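What you see is a predicted model; the values in this text were computed from it and never measured.
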Amino acid sequence: MSSQPIPSALDARTQAFPVLSAAQINRVRSGSKLRSVVAGEILFEPGDSNVPFFVLLSGRMEIVQPDLAGERPIATHGPGEFTGEMTMISGRRCLVRGRVTEQGEFLELGGDGLRSLVARDAELSEIFMRAFILRRLELISRGQGNVILMGSRHSAHTLRLREFLTRNEHPFTYVDLDADKTSQELLDRFEVKLDEIPVIICNVRGVLRNPSIPELADCLGLNAAIDESQVRDLIIAGAGPSGLAAAVYAASEGLDVLVIETATPGGQAGSSSKIENYLGFPTGIAGQELAARAIAQTEKFGAKMMVAHSVARLDCARRPYKVVLDNGNKLASRAVVIATGAQYNKPRIANLEQFEGQGVYYGATYMESQLCEQEEIIVVGGGNSAGQAAVFLSQTARKVHMLVRSGVLSDSMSRYLVQRIEENPVIELHFRTEITALDGGAQLDRVTWQDKLNGETSVHAIRHVFVMAGASPRTEWLRGCVALDDKGFILTGRDLDTATGAPLWALARPPQMLETSLPGVFAVGDVRSGNVKRVASAVGEGAIAIHLVHRALAEL
């Protein structure tokens, strides 16, 4: 079996900053306008929206990142090269400054024109998308975004903000106040007190003291390109694997799509260190990487994504339905796909919330693994997510205690994970064992657990607990609109025949396979009653739902 050679640094540079041929440039000319530029002219700034796409015919320009010390160079462009990165496709605000260094002539193409070109020209689509993705990855690796986050590894909110920026693939510079000796100078410059951390410096100018995630999203303009007054073909609530799959297929088939995600795209799968049983990835793929690729696809086909807002309720009295956000705004749509997933059940421990983000975590990514290097840790749960977390964290932790409430690992756990857990000397299994108490000050210091077989209780000096046990649906906002089972999961298709006390089906035809008791509203993924808890099945349901959405829209 042959393997592909790893690209050299030169190859990567060529792919990130390719030079277009004369024939390729001629295909860009259609719909573009010719613009004469002079040295020193600023074409775009960080925070600008609707930034045009430029192809250089002659002349030169530089891309820089303004920072507190002036500017950091990022790239230079010459004849045949083009500007832009992922914000060109997503429509979000620009991250960098573009300045002409040598007069010449550029082709200028608006954002809509670029997305239209990408949709119809396969060769240019591949060149542009590859370059935009590689450039974004370079910005992330260098920390060259328009955000400086100053925080502490002992701060739960710092961890939440870092996770939000990282999983939304927004490049940022992180200043660790526990270790960086020059951070006091930054704090003094903006007259920020230590008790106001974490601090965000946004677009070099704005300073946010201990901001909420919605405040950060507003500062960065992540949702600025979304027209909330528009009546859409489809709104998708949730950006896990099923929601992202639905968005890709719906947008690629010409529907006007908006995806709403509370915080971090990817859902539970997005926090998985590695998914090894997903078709097409024999060596596995990190959940965050899978989510990032899916998001790039959704934006390529024109779907919009709103982040940092949750859905408060569904106004289901008539179509178009109205999705009501946490800020009270209403978004109208002819059809709705519910893909809000399920959240891990929290152990019934009185002071659990006190230590969330400060010793108690609900995801196991690289970020969390660095917090517990060479320490003893606990993973709570016996399913696939807990198993993946235990195996991943065993690479950095000194000891992993896996606490399973039942007497065996879950029947749904993949066999390869069971084998790895049982053969891993770092992982110790504790069956019929539950945490009974957490103790500490600002940070978790001690954990008490009980063996339910013999009733023995023991105290352990452990500072990090990863909770991945069971799951409950996020369906409170749907009560009164769609039928739910006794556990709160959404009933669909034939399962509606068994529903009691549910809203009556209003049409002469029977509900479609993934359709809820409300015509034109569909449920996919973990939130759906009877769903198979696998990433592949979630993606499949998201794809199938769009076929059914087309049928429902044809009835209007």
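T173 places none of its side-chain heavy atoms less than 4.5 Å from the side chain of D67. Between N168 and P265, some side-chain heavy-atom pair lies under the 4.5 Å cut-off. In this structure, the side chains of Q288 and T166 come closer than 4.5 Å at one or more pairs of heavy atoms.
The backbone N or O of M88 lies less than 3.5 Å from a partner atom in the side chain of R115, making a donor-acceptor pair.
Below 30°, between 30° and 60°, or above 60°: for F82 and F53 the angle between ring planes is between 30° and 60°, a tilted geometry.
Ion pairing between a basic and an acidic side chain is recognised when a charged N comes within 4.0 Å of a carboxylate O; E515 and R551 show no such pairing. The pair E541-R528 meets the salt-bridge criterion, with a side-chain N (NZ, NE, NH1 or NH2) lying under 4.0 Å from an Asp/Glu carboxylate O.
Atom CD of E45 is separated from atom CZ of R93 by 13.5 Å, given to the nearest 0.5 angstrom. In this structure, CG in L484 is found 7.0 Å from CG in L491, a value given to the nearest 0.5 Å. Here the CD1-CD1 distance, from I236 to I546, works out to 5.0 Å after rounding to the nearest 0.5 Å. Here OH of Y174 is found 5.5 Å from OG1 of T158. Values are rounded to the nearest 0.5 Å.
When each of M86, E85, Q15, R293 is checked for a side chain to side chain contact (heavy atoms under 4.5 Å, CB included) with I133, only M86 meets the rule.
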Legend entry - Audit row: S414, N277, side-chain hydrogen bond (donor to acceptor under 3.5 Å, both in side chains) steps and yes/no: CA-CA 8 Å; S414 300; N277 57 355; 3.2 Å; yes

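R142 approaches I74 most closely through the heavy-atom pair NH1-O, 3.6 Å.
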